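Report on the following structure.
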Number of protein chains: 2
Amino acid sequence: MNIGEAAEATGVTAKMIRHYEQIGLIRAAGRTGSGYRVYGPKDLSTLSFIRRARDLGFSIAQIRDLLALWQDRARASGDVKRIASEHVAEMKEKMRLLQEMVHTLEHLSAHCHGDDRPDCPILEQLATGMAEEKCC
Amino acid sequence: MNIGEAAEATGVTAKMIRHYEQIGLIRAAGRTGSGYRVYGPKDLSTLSFIRRARDLGFSIAQIRDLLALWQDRARASGDVKRIASEHVAEMKEKMRLLQEMVHTLEHLSAHCHGDDRPDCPILEQLATGMAEEKCC
DNA sequence: CTTGACCTTGACATGATGGGAAGGTGCACG
DNA sequence: CGTGCACCTTCCCATCATGTCAAGGTCAAG
């Protein structure tokens, strides 16, 4: 199986498959006599695994650990769960920061006419740094 | 005022001040005879503006627009509000995606023993790609 | 044999920031 | 006056995951 077919089958672009090989996330694929990379069912499983983990937002480093655990039949599920929990915590923290920013901006926007006049609390806040509470 | 003092006063690192100058976000600072950058009150205001905008998650491109509007006394507040609204929409979309991932992962984690046994629904999901609903 | 689709490697870009090296400057203290 | 230290300068490289582009080799069908 060619890299293009493997890419289509797994949803990982050919570019990324080569990249993952280069950084050692996956083993170097076999080669035909002319140098084309060759992929078998096992490789496809690995690539699909990676794609699903990426879809869940795991970093390459985390996926490296998850792959090792996946291939370790004596793994402890606690190790997997811990990686997932840390990732969830990171995502929740990101959400919290986003929520804060959204809240502040929506508050400022609510007090902005949004018409042709130049007065704008959003710019005022950015310029003077007056605390949100003081804006009202 | 030196770049280091300006950095401390505004919360923008010296490194980033130079970077912002290089990409044309701010005007090139004046120089002393020996080549040191010199900053005045106006420059400090601009840098503080930028830092507050970054704190609210605006991209450099958006800040470029906001700076232009800020310095345009004939601006329409609607233009500012539109930039802010687009940014809020982007952040909310990111939150939505994060929430989806968190939801899926928490669901899988809830069914993972998290002990020394190797069975793990998280790995199973990643390996087989079975839909979340089918997992129960 | 030609054509077109695919493969190869390699270099470069993103966006915002950090790190570090190599060398010049300013200032305070002895 | 000299020395040391903290700061400044420029330039290059790294992050993270992905994309784009270019130049050249390969394969299969017509």
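These figures come from a predicted structure and were not determined experimentally.
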Practice item. Tell me, please, the opening and closing nucleotides of DNA chain C, 5' to 3', among those with an atom under 4.0 angstrom from a non-hydrogen atom of chain A. Key: C:dC6 to C:dA11
Check your understanding: Counting heavy atoms not belonging to B:Asp115, are there more than 12 under 6.0 Å from its CG?
Key -> yes
Exercise for review: Look at atom CG of A:Asp119 and say whether more than 12 heavy atoms of other residues, nucleotides or ligands are closer to it than 6.0 Å.
Suggested key: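 Atom CG in A:Asp119 is crowded, with more than 12 foreign heavy atoms closer than 6.0 Å.
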Review point. Which residues within residues 4-11 of chain B lie with some heavy atom under 4.0 Å of an atom in DNA chain C?
Key: none
Review point. Could you give all pairs that pass the salt bridge (charged side-chain N to carboxylate O under 4.0 Å, His left out) test and reach residues 101-113 of chain A, with sequence neighbours left out?
Key: A:Glu106-B:Lys92
**Study point:** Pairs flagged by salt bridge (charged side-chain N to carboxylate O under 4.0 Å, His left out) wherever residues 56-73 of chain B is involved - sequence neighbours left out
**Key:**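 For residues 56-73 of chain B, and leaving out neighbouring residues, there are no salt bridge (charged side-chain N to carboxylate O under 4.0 Å, His left out) pairs at all.
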Pairs under 3.5 angstrom only: tabulate donor-acceptor contacts from the side chains of residues 53-63 of chain B to other protein residues two or more places apart or in another chain.
unit_1: B:Arg54; atom_1: NH1; unit_2: B:Phe58; atom_2: O; d: 2.4
unit_1: B:Asp55; atom_1: OD2; unit_2: B:Arg51; atom_2: NH1; d: 2.7
unit_1: B:Ser59; atom_1: OG; unit_2: B:Ala61; atom_2: N; d: 3.4
unit_1: B:Ser59; atom_1: OG; unit_2: B:Gln62; atom_2: N; d: 3.1
unit_1: B:Ser59; atom_1: OG; unit_2: B:Gln62; atom_2: OE1; d: 3.4
unit_1: B:Gln62; atom_1: OE1; unit_2: B:Ser59; atom_2: N; d: 2.9

Ignoring hydrogens and geometry, is there a side-chain-to-backbone donor-acceptor pair from [X] to [Y] under 3.5 Å?
X: B:Arg75; Y: B:Trp70; value: yes
X: B:Ser109; Y: A:Lys81; value: no
X: A:Ser77; Y: B:Arg117; value: yes

Practice item. Dump the intermediate steps for salt bridge (charged side-chain N to carboxylate O under 4.0 Å, His left out) on B:Arg82 and B:Glu86, then the final yes or no. Key: CA-CA 6 Å; B:Arg82 188 179 34 74; B:Glu86 285 170 8; 3.7 Å; yes
For the student: nearest non-hydrogen atoms of [X] and [Y], plus distance:
X: A:Ala84; Y: B:Ile122; value: CB-CD1, 3.9 Å
X: B:Cys112; Y: B:Cys120; value: SG-SG, 3.7 Å
X: B:His107; Y: B:His111; value: O-CD2, 3.1 Å
X: B:Phe49; Y: A:Leu123; value: CZ-CD2, 3.8 Å
X: B:Val38; Y: B:Asp43; value: O-OD2, 4.2 Å

What are the atom names and distances for every N/O pair under 3.5 Å that joins the protein to nucleotides 12-14 of chain D?
none

Practice item. Please check the phosphate of D:dA17 (OP1 and OP2 only) for any side-chain N or O of A:Tyr20 closer than 4.0 Å. Key: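 Checking D:dA17 against A:Tyr20, no side-chain N or O comes under 4.0 Å of OP1 or OP2.
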**Study point:** By salt bridge (charged side-chain N to carboxylate O under 4.0 Å, His left out) - contacts of A:Glu8 (at least two apart)
**Key:**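 So A:Glu8 forms no salt bridge (charged side-chain N to carboxylate O under 4.0 Å, His left out) with any residue.
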Check your understanding: Taking only residues two or more places apart in sequence or in another chain, which ones pass salt bridge (charged side-chain N to carboxylate O under 4.0 Å, His left out) with B:Arg96?
Key ->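 B:Arg96 satisfies salt bridge (charged side-chain N to carboxylate O under 4.0 Å, His left out) with B:Glu93, B:Glu100 once adjacent residues are dropped.
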Please state how far atom [atom1] in [X] lies from atom [atom2] in [N], giving the value in whole angstrom units.
X: B:His19; N: D:dT15; atom1: NE2; atom2: C1'; result: 14 Å
X: A:Gln22; N: D:dC16; atom1: CD; atom2: P; result: 15 Å
X: A:Glu21; N: D:dA17; atom1: CD; atom2: P; result: 18 Å

Exercise for review: Quick one: label A:Arg18 by what it contacts on the DNA or RNA (base, sugar-phosphate, nothing), any heavy atom closer than 4.0 Å.
Suggested key: base
Exercise for review: Check DNA chain D against residues 49-64 of chain A and give the residues with a non-hydrogen atom under 4.0 Å, in numerical order.
Suggested key: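 Only A:Arg54, A:Ser59, A:Ile60 qualify.
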Practice item. For nucleotides 25-30 of chain D, just jot down a letter per nucleotide in 5' to 3' order: B, S or -, based on protein non-hydrogen atoms under 4.0 Å. Key: BBS---
Show me the donor-acceptor pairs, under 3.5 Å and distance only, between side chains in residues 16-30 of chain B and residues at least two apart or in other chains.
unit_1: B:Glu21; atom_1: OE1; unit_2: B:Ala29; atom_2: N; d: 3.4
unit_1: B:Glu21; atom_1: OE1; unit_2: B:Arg37; atom_2: NE; d: 3.0

Study note, to complete from the structure: Between its two end axes (five pairs each) the helix from C:dC1-D:dG30 to C:dG30-D:dC1 turns, nearest 10 degrees, through 30°
Point to revise | 4.5 Å side-chain heavy-atom contact, A:Met101 and A:Thr104 | key: no
